[in-house]
Structures are given as structure tokens and as C-alpha cells.
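Labels below follow one simple rule: chain letters A, B, ... track the order of the sequence lines, proteins then strands, and each chain is numbered from 1. Here the structure is a predicted model, which is why all the values come from computation and not from measurement.
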Number of protein chains: 2
Amino acid sequence: MVSVSAYGQYCPLAMASDILCNRWTLLVIRELLDGSTSFNEIGRGLPLISRSLLSRRLRELDSSGIVTHQPGARGSSGAYHLTAAGQALESVVRAMAIWGQEWIDEEPSLEDVDVRFLMWDIRRNVKPIAELPPRFTVRFDFEDAPDGLREHWLVFEGTEVDLCYVDPGHEIDVHLETDLRTMTRVWMGWDDLDAALREERILLTGARKPIGLVRQWLGLSKLAEISKRPPKDRVLRPRDAVGNV
Amino acid sequence: MVSVSAYGQYCPLAMASDILCNRWTLLVIRELLDGSTSFNEIGRGLPLISRSLLSRRLRELDSSGIVTHQPGARGSSGAYHLTAAGQALESVVRAMAIWGQEWIDEEPSLEDVDVRFLMWDIRRNVKPIAELPPRFTVRFDFEDAPDGLREHWLVFEGTEVDLCYVDPGHEIDVHLETDLRTMTRVWMGWDDLDAALREERILLTGARKPIGLVRQWLGLSKLAEISKRPPKDRVLRPRDAVGNV
DNA sequence: CAGTATCCGATGCGATACTG
DNA sequence: CAGTATCGCATCGGATACTG
């Protein structure tokens, strides 16, 4: 490629898409916008990225001037942060996420939900409200998750919320049983929490008061308020359009 | 790849970037948003895309439900149009273009401007204002364009504006002489037209009245009103960051 | 003009193995 | 924990040649 850019244009859209439209790049930026700063934190929100590629993407973003990196001193974690230009990408990320939420058919994505990513995502937007006990523990039980990943604990302590894959040993205040599909649909605003509870697709047991407050502490994805367009107008991802014959 | 999407996520941003973040895809959509409907029209705004790839991208967008295509009956041109979901991508394209205009260092892109693309782009936003004569012809002369591409004609007739690469034979009303870099910078809002005229980096000769109205009929890129951030905050494209040592 | 099929080199990226 | 170097396959995409 002899040209000055992959697209050979001075057009700002072409230059931007040269930088941004690579596999994983926008998702890495989303993680940074959501406040992750360490290598492993970022990777945790990107379940399928290989570590070498994450490393490369972060380096590219650094050399572009979208991310800065203080290397961690001796074993401790370095920190990645967005520059001003990186922060400004929030408008791009938001526009694309909103478009996806409005227009993309979600059905295929529900077939194989990664439970670790789902829980990590839920943790992002959980609300440690004052009405909860000083330490409040919820156990999630996904009946259809792979062995060893059925149970997850969310531990609210003050303003901190910890996510565990192994029993932290605390007394359980609330126990939530459901399947991955239902939890994902409710979380994303594609299904109604009240309906799911009524129809017992989600079972909540334990202390009565926090159960009554579930809508507050559970929160929902930031995109849940954007509603989907009617099915006939929706977009399919290529793989879906081709496969499944 | 076994997963339901390249990113294995129900996240709308991941699904959207799976569809949109491929080489050329957003630029094809930009062309459609700008009103191009035929294969060659679209290709004209994408100087470096290969025809087979353009064909494939259009087919992908069609099967996703972002574009519709009526095949042309017998030798006549078919037509591509955006669906409702495709139209809605305007917010994404705009956000990314604005970000690029604000934050990306434009310097490298000026080194090798494709004059055909520049003229095609200028034609997009030219204004056939009423004060011009019924037929108004401007000849552009780029001193540094490759042989055979130095001269371009813009012919305003009523509300139509035609772009020619060969002499249409009409009498020239206005003659504009400059270099590619200056024209691009002015067009994109990176340089001031008045300054360029004053410093004679752009020479305008011919009929006095239209010359006085140049700011109106020439127009500027839609992005010209967005101003760049200070150089120290700007972003470089990877290739630029690496090369040029 | 409006595309499409095929070929094949370039690159992208995941796996693996490694360091501090 | 926080990364990086290398290798090799798989996919991408440009060139070319072709059809209606």
C-alpha cells in the first residue's frame, strides 16, 4: 500500500475508520470508557480476545494517541487511560451501541451466552443502594451454564461490589435462579423483569426486603431503555444471514 | 469460529461492530447516505476500492438488511438504497466523521490527494445559486496534479452541476488555479479561503460577479465548520506513527 | 454500464511459549 | 500479574478475466 492511508482519502471518516474499524478496537475503547484501567480488567470484558491481540491493540491505541499507559512498577499493575481524543470517542461508541440496540436482531446472540461476560457486565451497572444491609450477598444460579460456572456471587459492601466465581463463604441474602437466556434478555431490556418473575422464569428467594428492591440494586444495562425496532425492520449479522439453512 | 458472532457477545456494540467495522463498509454507507444509488456512482466516491470488493460489500449489506437493491433491467443501472436501518446509520457515520475532523492529524493525508476524489467531493456540496448565469462554467487547474488530470470543469446549469475531466467545450466563466494541498485544506475547513486568495495560493480570474460570490457557489465540506483540536492533542494514524523515520 | 468468479499473495490473528 | 515474540494457518481482498 503506497497511499498515505488504507483508503487514500483526506476524508475524516476514512481516516477515523482506518484507526477505529479494526477487530476489537472499539470494544477495547468501550472497556476503557467504562472505567477499566488494568490489562486484565480490560480483558475480562472481552472474553474472546487473545492476550497477544489485546496487547497489540493497546499498543496501537497508545501510539495513535488515544490511550496512555503508565507501565506498572514491579509486578503491580500498570494503568491504561484514555486521552482527550479517546474520551471523545464516547459519542462514536454510543452512537454505534444505540444503533445496534435499536436495529440488530438479538436472537442469534442468545444462543451461546458467555456467563462470565454476562456477570461481569451486570456488575458494571449494579447499584449498591443504601437500603441494603451493610454486607449483602446474592447468589446467581444459572441452570444452563456449563459445569463449574453455574454459580456466581455478587457481594455488596458499602459502595464496593465484588463478583466471585467461587463461594466467598458469606451467608446468602438473596438467591436468584434463572437461565442464561432469560437473564440476558432482562438485563438488556429485551424482556420484562416483572413478567419474568411472574412467570417464574426467574426465581428470587431469601430476605423479603431486598427482594422487593431488586429493580433498584440489580440495575439494567445502560442500553436497556432503548427499545428494539419491529422484527421486520431488523438487521441480521452476516453469519446469521448465511448459516442456519 | 464456533461462536454466534466474531466477538461472542450479545453486546449491541459488539454486534454492530461485527457488521460495520470491516474495511470500506462505513464508507460505502456514507456514499449511500450522500445519495449515490448506482454501482459506479458509489465507486466514484471510493477511489481505491476494487470493484469486486465493492460488489461483495453491497451484497453483504443487502443480506444484512441495511441496503436494498433493484437489479437494473437490461444494461440500465440498478439502484441501491438504504433501508430504515441503513438510514439510521447516519448518526454513526456523523459521529465518526466529526471525531475524525476534530481529532485526527490531517497532515499526512495531504501528501497524496487524489484529485478525482477531491473534485467529486467538491461537487457534492457545490451550490447552484440563482445569481449565477444560466450556464456557468468553472475550470479548475491544479498545478501539481498528475498529467491528464490537471484540469477539471464544473458546469452549473439550473439546479444541475456536472463534473468533467475533459473540456466540455463551453466558454469558461471563472478560472481557478491552485494546488491540491491548498484546495483540499480550504475545502475541508483547514485553511481560510480569504487568506488563500489574499496570499495568491488560489488564483481566481474571469467574470467579476461570480468571483465575488465564490464563497456561496463553491460551498465547503459539511465538516468544515467543525474545527480541529490543537496539534498536541491530535491523533495519528498507525502507519504514520510507525513510518517516516 | 453493472456486475461476478477465480486465483493467489498479503495480513490478521490465535496458540503457544516465554520474560520480569 | 502484566505483558511480549514467534509461528503458522485462515481469511481478506486486489488483480484479472469474464458475462449479460
Side-chain angles (χ1 to χ4, degrees), chain A residues 1-3 5-8 14 17-28 31-32 36-63 67-81 237-239 242-243, chain B residues 1-3 5-8 14 17-28 31-32 36-63 67-81 237-239 242-243:
Chain A
M1 183 70 54
V2 132
S3 156
S5 106
Y7 301 104
S17 97
D18 199 17
I19 297 174
L20 302 173
C21 289
N22 296 310
R23 199 157 151 66
W24 292 111
T25 298
L26 279 176
L27 300 186
V28 170
E31 290 303 309
L32 290 160
S36 292
T37 60
S38 80
F39 189 79
N40 277 346
E41 244 178 340
I42 297 166
R44 219 168 160 186
L46 273 12
L48 292 184
I49 199 174
S50 72
R51 304 178 75 70
S52 60
L53 187 52
L54 177 54
S55 171
R56 186 175 342 152
R57 286 287 180 263
L58 286 166
R59 229 178 311 134
E60 287 163 5
L61 290 170
D62 189 354
S63 86
V67 158
T68 56
H69 180 215
Q70 300 107 324
R74 257 339 267 135
S76 91
S77 148
Y80 295 91
H81 289 280
R237 273 164 303 147
R239 210 168 293 269
V242 172
Chain B
M1 183 72 54
V2 131
S3 156
S5 104
Y7 300 106
S17 97
D18 200 16
I19 297 174
L20 302 173
C21 288
N22 297 309
R23 201 158 148 66
W24 292 111
T25 298
L26 279 176
L27 300 186
V28 170
E31 289 305 308
L32 290 160
S36 292
T37 61
S38 79
F39 189 82
N40 276 347
E41 244 178 339
I42 297 166
R44 218 167 161 186
L46 273 12
L48 291 185
I49 199 174
S50 73
R51 303 177 76 70
S52 60
L53 187 51
L54 177 56
S55 172
R56 188 178 338 155
R57 285 288 180 262
L58 286 166
R59 229 178 310 134
E60 288 163 4
L61 290 170
D62 189 353
S63 84
V67 157
T68 58
H69 180 215
Q70 299 107 325
R74 262 335 270 135
S76 90
S77 149
Y80 296 89
H81 289 280
R237 275 166 301 146
R239 211 168 293 270
V242 171

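- Listed nucleotides dG3(C), dG3(D), dG14(C) differ in distance to Ser55(B); the shortest reach to its side chain belongs to dG3(C).
- As a whole-Å value, the separation of Ile42(A) CD1 from dG3(D) C1' is 12 Å.
- Listed pair His69(B) / dA2(C) fails the phosphate criterion, with no side-chain N or O lying under 4.0 Å from OP1 or OP2.
- Of the candidates dC13(C), dG13(D), dA2(D), the closest approach to any side-chain atom of Leu53(B) belongs to dG13(D).
- Of the inter-residue distances, the one linking Leu48(A) atom CG with Tyr7(B) atom OH reads 11.0 Å to the nearest 0.5 angstrom.
- No hydrogens or angles were tested; on distance alone, a donor-acceptor pair under 3.5 Å links the side chain of Ser52(A) to the base of dA15(C).
- The side chain of Tyr80(B) contributes an N or O atom lying less than 4.0 Å from OP1 or OP2 of dG3(C).
- Base pairing analysis places dC18(C) opposite dG3(D); the two distances defining the Watson-Crick or G-U wobble pair are each below 3.5 Å.
- Contact annotation: Arg51(A) does not reach the phosphate of dT16(C) (side-chain N/O to OP1 or OP2, under 4.0 Å).
- With no hydrogens or angles considered, no side-chain donor-acceptor pair links Asn22(A) and Arg23(B) at under 3.5 Å.
- Checked against dC1(D), dC13(C), dG14(D), the side chain of Arg56(A) finds its nearest nucleotide in dC13(C).
- Between the C1' atom of dA2(D) and the CG atom of Leu46(A) lies a distance of 16 Å, rounded to the nearest Å.
- Rounded to an integer number of Å, the gap from CD of Glu60(A) to P of dG3(D) is 15 Å.
- Set against dC1(C), dA2(D), dG3(C), the side chain of Phe39(B) has dG3(C) as its closest nucleotide.
- Atom pair Asp18(A):CG and dT11(C):P shows a separation of 14 Å (rounding to whole Å applied).
- When all heavy atoms of Val28(B) and Leu46(B) are compared, the closest pair comes out as CG2-CD2, 3.9 Å.
- To the nearest angstrom, C1' of dT11(C) lies 14 Å from CZ of Arg23(A).
- Atom C1' of nucleotide dG13(D) and atom OH of Tyr7(A) are separated by 12 Å, given to the nearest angstrom.
- Judged by closest nucleotide on DNA chain C, Gln70(B) is the one of Ser50(A) and Gln70(B) placed further toward the 5' end.
- Checked by atom type, the side-chain pair Arg59(A)/Ser55(A) shows a donor-acceptor distance below 3.5 Å.
- Arg59(A) comes within contact range of the sugar-phosphate backbone alone, with a heavy-atom separation under 4.0 Å but no base atom that close.
- Between the CD atom of Glu41(A) and the P atom of dA2(D) there is a distance of 9 Å, rounded to whole Å.
- Atoms CZ (Arg44(B)) and P (dA2(C)) sit 12 Å apart, rounded to a whole Å.
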*Could you go through the salt bridge (Lys or Arg N to Asp or Glu O under 4.0 Å) check for Arg57(B) and Glu60(B) one step at a time?*
CA-CA 5 Å; Arg57(B) 285 288 180 262; Glu60(B) 288 163 4; 3.0 Å; yes
